[in-house]
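What you are looking at is a predicted structure, and each value in this text was computed from that prediction instead of being measured. Ligands are counted one by one from 1 in listed order, and the atoms in each one are counted from 1 as well.
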Amino acid sequence: MRPPAPIPVTLLTGFLGSGKTTLLNHLIRDPGMGRVAVIINEFGDIGLDHDLIEEATEEMVLLQSGCLCCTIRGDLVAAMLALLRRRDAGEVAFDRVVIETTGMADPGPILHTLLIERQLAEAYQMDGVVTTACAATGPASLDAQFEAVNQVALADRIVLTKTDLVTAAERQAFEDRLAAINPGAPRLKAAHGRVNPGVLFGISGLRAGADIDQTIGWVNAAAYPAQPKVPPPFTAPTSAPTYGLFASPTPDPLASLSLGFLQPKAPAAFNPHDSRITSVSITLDDPIPANLFDMWLDTLIAIRGPDILRMKGIVHVEGIPHPFAFHGVQHIFHPPVSLPHWPTGDRTSRIVVIGRDIPRDILADSLAVLLTRPASLGPQVQTITADMPF
Ligand SMILES: Nc1nc2c(ncn2[C@@H]2O[C@H](COP(=O)(O)OP(=O)(O)OP(=O)(O)O)[C@@H](O)[C@H]2O)c(=O)[nH]1
């Protein structure tokens with residue numbers, strides 16, 4: 001019988017030849033890793049990774065003939081459901097799943113699939129994105145391929161590989177560049193794949209049993225450039241746009257949060273460069289009015305949805321005793337997870353947003369809206385209109 005806790009899923013990504021398979025080989029031999037099912041995606045004829053996985057895991061599934069992030073997302077769903085059925089039938093046993101992407105994959109659409117496929121979302125939970133970054137070829141990959149930049153930007157952990165092939169100065173320059181793209185992801189060095197699994201797994205702030213330090217570390221808001229101290233002027237109400245907000249009270253206090261239901265606009269034009277990635281954070285000492293939070297999020301997603309690579313947060317909402325944790329990719333969000341055991345003295349909200357092609361000051365201004373307390377946003381307001389600074 002399937003245990004009630006969702007099965008953690010790790011997305012292992014990283015550019016071509018950056019050391020994903022080498023890392024995975026090391027990890028699956030480590031007793032600390034537990035029982036793991038591995039799903040490997042590689043392009044049909046040239047794929048060799050599955051032959052390079054040295055030791056049989058409980059289960060290994062090979063997905064060929066396309067890329068998980070574009071053509072065979074349905075295959076991923078089918079493979080993960082098949083794993084569940086076989087586990088329920090007692091044919092295989094595993095406690096976690098690792099999906100190794102192709103080197104050219106954009107992790108965003110794969111995260112989408114895990115979030116929006118209802119059957120997957122019930123049984124599995126994203127634990128984190130682990131990205132290998134090769135110190136030798138990584139700088140050129142970042143220059144040439146925006147997928148490589150995306151892989152770094154979406155990472156929860158960055159594993160720096162092949163540092164033995166570069167000088168200390170080159171390594172430092174590369175690390176500085178990685179930190180500029182993704183300041184919130186801790187970086188670890190792996191010599192030929194050797195790294196402690198404990199630092200790569202069990203890292204989601206949404207997982208059952210995460211303590212306060214782990215959840216705060218997962219958001220890691222302190223690592224990001226902060227929003228301006230003085231919030232921008234708030235202009236409201238005006239005629240458009242209009243967003244429906246804050247339905248009538250329900251037994252679940254989080255159920256009234258829309259977490260961004262509006263449709264995004266078309267994606268921005270392709271233009272490879274890592275300076276296209278911006279990230280900002282905000283910490284708020286006071287709880288946020290629910291309708292202000294909804295308005296901010298709905299507006300940000302409606303206007304910039306396709307360019308929001310990732311968002312994470314711990315949010316205290318007025319009138320709700322406990323905070324909730326959430327994360328999203330573009331306009332798709334994991335259901336908010338209430339944190340009932342949060343210390344009562346800590347009412348600080350922490351939110352980070354990683355965007356693409358959004359100027360940093362605009363992203364920061366959008367977050368600073370959360371510092372405002374406009375009189376028009378009374379607790380009984382059902383629908384509001386506003387101009388937002390982004
Ligand atoms: N010198 C050195 N070589 C390494 C290190 N880690 C991995 N390699 C080598 O780099 C090469 C590519 O490693 P893989 O693990 O196959 O890389 P990958 O990301 O799975 O490759 P693709 O699946 O083709 O994208 C292999 O020959 C590895 O032995 C390291 O720390 N130092």
Asker: Can S18 be said to touch ligand 1, with heavy atoms closer than 4.0 Å?
Answerer: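 So S18 counts as touching ligand 1.
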
Asker: Is the closest basic N to carboxylate O distance between E175 and R171 below 4.0 Å?
Answerer: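 Yes, E175 and R171 are salt-bridged.
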
Asker: If Ile, Leu, Val, Met, Phe, Trp and Tyr residues are connected whenever their side-chain heavy atoms lie under 4.5 Å apart, and connections chain through other members, are L367 and V317 in the same group?
Answerer: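 Linked within one cluster.
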
Asker: Give a yes or no on whether a salt bridge exists between K189 and D164, defined as a side-chain N under 4.0 angstrom from a carboxylate O.
Answerer: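 Between D164 and K189 there is no salt bridge, as every charged N stays at least 4.0 Å from the carboxylate O atoms.
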
Asker: Relative to the heavy atoms of L16, which atoms of ligand 1 are at a distance of less than 4.0 Å?
Answerer: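 This gives 25 (O) as the contact atoms.
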
Asker: Which atoms of ligand 1 have any heavy atom of A190 under 4.0 Å away?
Answerer: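 Selected atoms, number and element: 31 (O).
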
Asker: With respect to T132, determine whether any N or O atom, backbone or side chain, lies less than 3.5 Å from an N or O atom of ligand 1.
Answerer: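 No; every N/O pair is 3.5 Å or more apart.
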
Asker: Charged N to carboxylate O under 4.0 angstrom, R360 versus D365?
Answerer: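 Salt bridge: no.
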
Asker: Below 4.0 angstrom from a heavy atom of G17, which ligand 1 atoms are there? Numbered from 1 as shown, please.
Answerer: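 In order of numbering, the contacting atoms are 12 (C), 17 (O), 18 (P), 19 (O), 21 (O), 22 (P), 24 (O), 25 (O).
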
Asker: Out of curiosity, L297 CG to S366 OG, how far, rounded to the nearest 0.5 Å?
Answerer: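 The CG atom of L297 sits 10.0 Å away from the OG atom of S366.
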
Asker: Do V166 and L142 sit in one hydrophobic cluster, given that two such residues count as connected whenever their side-chain heavy atoms are within less than 4.5 Å of each other, even indirectly?
Answerer: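 Different clusters: V166 never reaches L142 through Ile, Leu, Val, Met, Phe, Trp or Tyr contacts under 4.5 Å.
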
Asker: My understanding is that only one of L200, I40, V36 makes a side chain to side chain contact (heavy atoms under 4.5 Å, CB included) with V98; could you say which?
Answerer: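 Of all the options given, the one that passes is V36.
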
Asker: If you measure from each heavy atom of D164 to ligand 1, is any distance below 4.0 Å?
Answerer: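 Contact check D164 vs ligand 1: positive.
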
Asker: What do you reckon, does T21 have a nitrogen or oxygen under 3.5 Å from a nitrogen or oxygen of ligand 1?
Answerer: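 Between T21 and ligand 1, an N or O pair is found under 3.5 Å apart.
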
Asker: I want to confirm something. Looking only at heavy atoms, which of L165, T13, T22 is nearest to atom 15 (O) of ligand 1?
Answerer: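 Looking at heavy atoms only, T22 sits closest to atom 15 (O) of ligand 1.
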
Asker: Check each atom of ligand 1 against the heavy atoms of E100 and keep those under 4.0 Å away; list them by number with element.
Answerer: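 So the atoms of ligand 1 that pass are 20 (O).
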
